[in-house]
Amino acid sequence: MELIKVSVSIPGTLSSNFIQIGDVVTYKTGNISFSDSKPVELIVEGPLDSGDVMFFRELCGGGDVLSKRFKRYVEILDLSRAMFVSCDSHYFTSKNDFYTAYHKTKSRTITSFMFAKLKLHKVILPSDITTIESNAFFGSFIPNIIFPDDVLLLQQESLCNCGIESISINAKTILQKSFSMCTNLSEIKIGEKVKHINGAFSYNIKLRSVEVAKENKYLKIQNHCLLNSAGTQLILHAQKSECEKLIIPEGVEVIGEWAFYNLKKLESVSFPNSLKRIDSHAFCQCSELREA
């Protein structure tokens with residue numbers, strides 16, 4: 001696989017480094033040509049605006065609306081040394097029955113629909129990113145997403161319905177449905193900074209492993225369950241298909257949304273005396289559950 005490295009000094013000029021003739025794109029420096037059948041690894045450095053995002057979306061098979069598709073020319077997109085800058089133009093348009101939204105780049109942010117419907121093997125996000133907005137990766141087919149260590153917030157549905165297979169995340173706050181409908185997600189590694197997780201995982205039918213960094217003071221694993229450090233809130237269970245009997249640790253007061261989703265072989269649950277509340281869909285798709 002060819003490697004192309006582009007340094008951008010002026011936002012909006014990424015596309016000027018390339019020329020397309022028919023279905024072949026050529027990187028002017030080095031005269032490197034690539035196509036849908038011969039994709040490349042692309043490293044982009046420097047400040048990027050909405051025009052640049054629109055261009056790399058085209059190279060990665062996406063358009064300015066969900067219905068628009070292009071051939072895919074990039075297999076790996078490395079933006080670790082890039083940075084997004086605010087601008088007035090937009091790179092994507094989303095619509096519903098009530099309004100039309102125009103999505104623009106913002107500083108230190110992966111903005112909504114930036115990677116929506118893209119098809120890549122890997123994306124490495126800029127190192128200065130602190131926020132990932134809702135629907136940033138909606139419907140993307142990207143098994144490997146490398147998050148920077150300084151991310152603070154994953155907004156609701158930020159990676160909803162995307163093809164990520166494993167995640168290693170260190171965001172302080174992860175909001176509802178951040179990873180909902182990620183049906184290929186099998187492994188979650190939670191870093192030391194993660195403090196708040198609120199209903200972030202649902203419909204993760206292949207989930208098999210949940211790990212928490214030893215240095216994390218806010219979360220822990222007990223009885224294959226992800227709990228807050230006090231042990232009062234049960235957030236998630238590693239959804240192993242062979243689980244038939246479940247003992248929820250004493251001290252748990254709240255079982256969170258979707259906590260035990262898709263435990264298809266689960267037959268019985270032992271609840272602690274401390275339990276006060278079970279949130280919605282906690283045992284959804286537990287079709288064999290007969291005893292509690």
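Heavy-atom basis, side chains included; hydrogens, waters and symmetry copies ignored.
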If we count only N and O atoms by modelled type, under 3.5 Å, do the side chains of [X] and [Y] hold a donor and an acceptor together?
| X | Y | answer |
| --- | --- | --- |
| H103 | S94 | yes |
| S202 | S180 | yes |
| Y73 | Q20 | yes |

For a quick test of reading the model, state the closest non-hydrogen atom pair linking [X] to [Y] and the distance between them.
| X | Y | result |
| --- | --- | --- |
| N216 | V212 | CB-CG1, 3.6 Å |
| M83 | D128 | CB-OD2, 3.8 Å |
| L266 | V269 | CD2-CG2, 3.8 Å |
| S9 | P47 | O-CG, 3.7 Å |

For the pair F260 and F283, name the ring-plane relationship: parallel under 30°, tilted 30 to 60°, perpendicular over 60°. parallel
T111: which residues meet the side-chain contact (heavy atoms from CB on, under 4.5 Å) condition with it, sequence neighbours left out? Y91, K106, T109, M114, E133
Pair D149 + K193: basic N to acidic O under 4.0 Å: yes
Is the count of non-hydrogen atoms from other residues, nucleotides or ligands lying under 6.0 Å from K189 atom NZ greater than 12? no
Taking distance alone, no hydrogens or angles, what donor-acceptor pairs closer than 3.5 Å link side-chain atoms of residues 24-31 to residues at least two apart or in another chain?
from, atom 1, to, atom 2, distance (Å)
T26, OG1, S33, OG, 2.9
Y27, OH, K5, O, 3.1
K28, NZ, S16, O, 3.0

In this structure, OG of S270 is separated from NZ of K245 (nearest 0.5 Å) by 11.0 Å
Compare all side-chain heavy atoms of V123 with those of N144 and state whether any distance is below 4.5 angstrom.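 The answer is no, as the side chains (C-beta and beyond) never meet within the 4.5 Å cut-off.
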Take S134 and S112 through the side chain to side chain donor-acceptor pair (under 3.5 Å) test and state the conclusion after the steps. CA-CA 5 Å; S134 299; S112 296; 5.5 Å; no
Centroid-centroid distance, F115 to F56, less than 6.0 Å: yes
side-chain hydrogen bond (donor to acceptor under 3.5 Å, both in side chains) partners for D78, two or more places apart: S80
